[in-house]
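Right, one structure below, let's go through it.
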Amino acid sequence: MEDIQEILSLIPSPSEEDKALVKKAYAFAKEAHKDQVRKSGEPYFTHLFATAKNLAELEMGAVTVSAGFLHDSIEDVGVTGETLEKEFGKEIRFLVEGVTKLGQLKYRGTERYNESLRKLFVAMSQDIRVLVIKLADRLHNMRTLHFVPQEKQLRIAKETLEIYAPLAYRLGIRKLHRELEDLSFAYVYPEDYEKMLKLLKNKRSEEEEMLEKFNKSLKKEFAKNNITDFAVDYRVKGLYSLYKKLKRKDMDVDKVYDLLAMRVIVPTIGDCYRILGIIHSGWRPLPGRIKDYIAFPKPNGYQSIHTTVLNGFGGVIEVQIKTKEMQRESEYGITSHISYKQQDGKKKITNPSLLWVKKILPVRDNFDASANKTSKKINFDDVPRWVKELVEYQKDAGASDSVIDEIKSDFFEERIFVFTPKGDVIDLPKDSTAIDFAYNIHSDVGNHISGAKINGKFVAITTTLQNGDLVEAETRPNSKPSRKWLEVVKTTIAKKHIRSSLEERRGK
Ligand code: MN
């Protein structure tokens, strides 16, 4: 039976108010979905409980955990946004509506679409928490994928591997990334999955003894240097991650040095470098294998020192040195900065590359979903490159500062995203038409548009586009803009071109 206490115990020091909120969401979801069953035959509520639990395990806090319970209530059982707001407040309504919106995006399966789709997921989420809920939801769906009809399994697993797992990686949530990858790997490449499983098993039993010996001599060396405050363990590489690496190394497992890696956890950054010194004076490091991700964090925020040394028993071993905080961050990524506990300012963010996250996140007290006020406070310099790329494609060659400013402020406002037949994403204001789409492709396409297809069906060119539509514009050389278009188009670029075309014709 799904016990609410199990989830409450995972939330770090919850207030009475937090507990009441989570309990209410639990009861509401149970009642709302009571007539629904999963493919497994279990009550649908098991999925909602599992999603909420995944979020609690990421220490996401009471609001996000509650939204986890409610995430399917709009789409599956017709609960309205108004009801959610009345019962649970604006913030939870916003989160659940965000998750529902993401559900409308269709996976099309080609590489070009995939990159666009990943960007779109981020842009549409508006709030990182929406994305994390979606990932927690997908994790449970992947864990129960064997209940789903076979013809659907492959599509869902592929989508997970190509969209969700990379997103988890970019958010730095290894905990989710690794499991999402390995679960889908088994469905997408079943034979390779078996191979990796076997390979890892053999290698592990081969190396376990060596690892133990190395571990002992490490500890001896630390003791000699009066280092007593440390923890040592080892981690095994994920199966899909191993598979990807092997493909780059001619499938030669002896070229993969980090199949099993020792992990040394110490209190401070200073300790990390001291440990590195001790290891390098005791064991010969392999040249070119020393990576200082503390001084130079990975783009997703990952920090640690990696080095590969000759282990003294005829082999090599990778050692990863990090602080407890870095270890936590490498598992939880972005979520380690947005957990409820940290919102009271007790803990300071130490990793500047993630500072932007704080700025995108709404503050609990003065949150206003409709206005998205918080988005205005973003300092664009703190935004990582992959997020900047979301808006890069909108910039024309000679875009002025004011245009860029406009993009910045527009970034989190209501936008829709549609696809070209080639799979590129066109980002438009809400209620844009096929005419706007055409002008965003090229002014000539806009000026000569004669017809449009949405998702393969012919429609009027004045038709309003929806998120995720696949749009085609047809042109004819003698088609011309009409004055009426000015009343329906939404984009400045379309208005500008329509006006100048009308004036040009009048001048003749
Ligand atoms: Mn769901």
Side-chain angles (χ1 to χ4, degrees), residues 2 4 6-7 10 22 24-58 60 63-81 83-84 87-88 92-107 117 120-122 124-149 152-165 167-168 171 173 175-177 179-180 183-184 187 335 467-468:
E2 295 83 16
I4 186 71
E6 204 186 320
I7 284 182
L10 290 166
V22 175
K24 190 178 175 186
Y26 170 96
F28 186 96
K30 200 162 196 175
E31 175 61 25
H33 293 265
K34 68 175 190 295
D35 298 326
Q36 216 186 341
V37 285
R38 293 273 286 174
K39 287 260 159 39
S40 62
E42 290 178 302
Y44 196 82
F45 183 71
T46 56
H47 168 64
L48 306 169
F49 186 87
T51 303
K53 193 177 164 199
N54 288 340
L55 291 164
E57 281 173 351
L58 290 168
M60 288 298 287
V63 169
T64 314
V65 170
S66 301
F69 274 120
L70 302 166
H71 80 271
D72 281 325
S73 67
I74 294 181
E75 191 163 349
D76 288 356
V77 289
V79 173
T80 63
T83 304
L84 285 179
E87 298 291 327
F88 299 98
I92 285 181
R93 175 189 183 168
F94 168 79
L95 293 175
V96 175
E97 284 183 338
V99 175
T100 308
K101 247 200 271 174
L102 286 189
Q104 298 160 358
L105 291 176
K106 282 175 234 86
Y107 171 69
L117 203 58
L120 231 134
F121 259 88
V122 178
M124 274 179 65
S125 299
Q126 295 189 19
D127 183 316
I128 300 291
R129 292 175 301 176
V130 171
L131 211 50
V132 178
I133 296 170
K134 197 72 195 161
L135 292 172
D137 165 53
R138 180 50 62 110
L139 180 60
H140 182 249
N141 285 337
M142 284 307 298
R143 283 178 181 163
T144 51
L145 194 62
H146 51 282
F147 292 117
V148 168
K152 269 185 159 181
Q153 284 176 349
L154 186 64
R155 186 187 61 81
I156 295 171
K158 266 190 172 168
E159 184 183 44
T160 305
L161 200 58
E162 285 157 13
I163 310 294
Y164 291 87
L167 281 172
L171 298 178
I173 317 170
K175 215 173 141 64
L176 291 180
H177 170 237
E179 194 177 343
L180 285 173
L183 284 167
S184 23
Y187 290 92
T335 64
N467 246 327

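One-based numbering, in listed order, for ligands and for the atoms of each.
Remark: side-chain polar atoms of Y164 are not paired, donor with acceptor, to backbone N or O of L139 under 3.5 angstrom. No donor-acceptor pair under 3.5 Å is formed between the side chain of E57 and the backbone N or O of L10.
D72 contributes OD2 as its N, O or S atom closest to the Mn ion (ligand 1). The N, O or S atom of D137 lying closest to the Mn ion (ligand 1) is OD1.
When the options Y44, F88, F28, Y26 are evaluated for a ring-ring contact (aromatic ring centres under 6.0 Å, His included) with F69, the one that passes is Y26. Under the side-chain contact (heavy atoms from CB on, under 4.5 Å) test applied with L58, the options L176, T64, L135, V65 reduce to a single match, L176.
Between NE2 of H71 and NE2 of H47, the angle at the Mn ion (ligand 1) works out to 90°, rounded to 10 degrees.
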